[in-house]
Amino acid sequence: MSEASGRSAGAGAPASRPSVIQLVFREKGALYAAYIPLLMDGGLFVPTTREYKLGEDIYLLLSLPDDPQRYPVAGKVAWITPANASGGRTQGVGVRFPNDEKTRQLKAKIEETLGTQLQSAKPTQTI
């Protein structure tokens, strides 16, 4: 039986395990700028300098404004904004939420939190 220290993965092990990113939204404006309603199951823009490939698994630990709960999301990279992107856009990835009941509830919670802001014409970090 291996110890739970995490050493079994080893520093030299291939990066086959998806990365885990903690994403904390303290205010609705930041959540609005990152939310991707165009993706059928919803999604979020994640600012990161790490290199990802399209379709790569990525785990998010998501915190929403005024909500003490953290939501785990097993998403996939749906698009990539590279470094030095045109228009001064932030480098990062768009993460597509999975098509499951827990995530549908999370999508509904995000849209409820954003409320009428969803119809805003303000630019976002997303497509």
Student: Tell me, please, which residues at least two apart from Ser63 pass side chain to side chain donor-acceptor pair (under 3.5 Å).
Tutor: none
Student: How many angstroms lie between atom CG of Asp100 and atom CD of Gln105, to the nearest 0.5 angstrom?
Tutor: 9.0 Å
Student: Under a 4.5 Å cut-off applied to non-hydrogen side-chain atoms, are Leu114 and Tyr35 in contact?
Tutor: yes
Student: Mind checking side chain to side chain contact (heavy atoms under 4.5 Å, CB included) for Asn84 and listing every partner two or more places apart, or none if nothing turns up?
Tutor: none
Student: Hydrophobic clusters join Ile, Leu, Val, Met, Phe, Trp and Tyr when side-chain heavy atoms are under 4.5 Å apart, directly or via other members; which others share one with Leu61?
Tutor: Val20, Tyr59
Student: According to the salt bridge (charged side-chain N to carboxylate O under 4.0 Å, His left out) rule, which pairs have a member within residues 73-83, sequence neighbours left out?
Tutor: Asp57-Lys76
Student: So Gln22 and Arg70, side-chain contact (heavy atoms from CB on, under 4.5 Å) or not? Walk me through it.
Tutor: CA-CA 9 Å; Gln22 291 197 41; Arg70 290 192 338 178; 3.0 Å; yes
Student: When rounded to the nearest 0.5 angstrom, what distance separates CD in Glu111 from CG in Leu106?
Tutor: 10.0 Å
Student: What is the minimum heavy-atom distance between Ile80 and Leu54, and which atoms define it?
Tutor: CD1-N, 3.9 Å
Student: Measuring only between side-chain heavy atoms, which start at C-beta, is Lys28 closer than 4.5 Å to Thr113?
Tutor: yes
Student: Taking Glu56 first and then Arg50, would you say they form a salt bridge - that is, a charged N and a carboxylate O separated by under 4.0 Å?
Tutor: yes
Student: Walk me through whether Ile110 and Leu62 qualify under side-chain contact (heavy atoms from CB on, under 4.5 Å).
Tutor: CA-CA 11 Å; Ile110 289 172; Leu62 181 60; 4.2 Å; yes
Student: Ile21 and side chain to side chain contact (heavy atoms under 4.5 Å, CB included): which single residue from Ile58, Val93, Val73 fits?
Tutor: Ile58
Student: How far apart are the closest heavy atoms of Val95 and Gly75, and which atoms are they?
Tutor: CG1-CA, 3.8 Å
Student: Mind checking the CG-CZ spacing from Leu60 to Phe97? Nearest 0.5 Å is all I need.
Tutor: 7.0 Å
Student: Only counting residues at least two apart or in another chain, list the ones meeting side chain to side chain donor-acceptor pair (under 3.5 Å) with Thr48.
Tutor: none
Student: Please identify each residue that fulfils side chain to side chain contact (heavy atoms under 4.5 Å, CB included) with Glu51, with sequence neighbours left out.
Tutor: none
Student: Can you see which heavy atom on Gly94 is nearest to which on Ile36, and at what distance?
Tutor: CA-CD1, 4.1 Å
Student: Considering residues at least two apart in sequence or located in another chain, which fulfil the side chain to side chain contact (heavy atoms under 4.5 Å, CB included) criterion with Asp67?
Tutor: Leu64, Gln69, Tyr71, Lys109
Student: When you look at Trp79 and Val77, which way does the side-chain contact (heavy atoms from CB on, under 4.5 Å) test go after all the steps?
Tutor: CA-CA 6 Å; Trp79 96 81; Val77 175; over 6 Å; no
Student: Test side-chain contact (heavy atoms from CB on, under 4.5 Å) on Phe45 and Thr90 and set out the steps.
Tutor: CA-CA 10 Å; Phe45 176 78; Thr90 304; 4.1 Å; yes
Student: Using side chain to side chain contact (heavy atoms under 4.5 Å, CB included) as the criterion, list what pairs up with Arg26, not counting sequence neighbours.
Tutor: Val24
Student: Please name the pair of heavy atoms, one in Leu31 and one in Pro65, separated by the smallest distance, quoted to 0.1 Å.
Tutor: CD2-CD, 4.0 Å
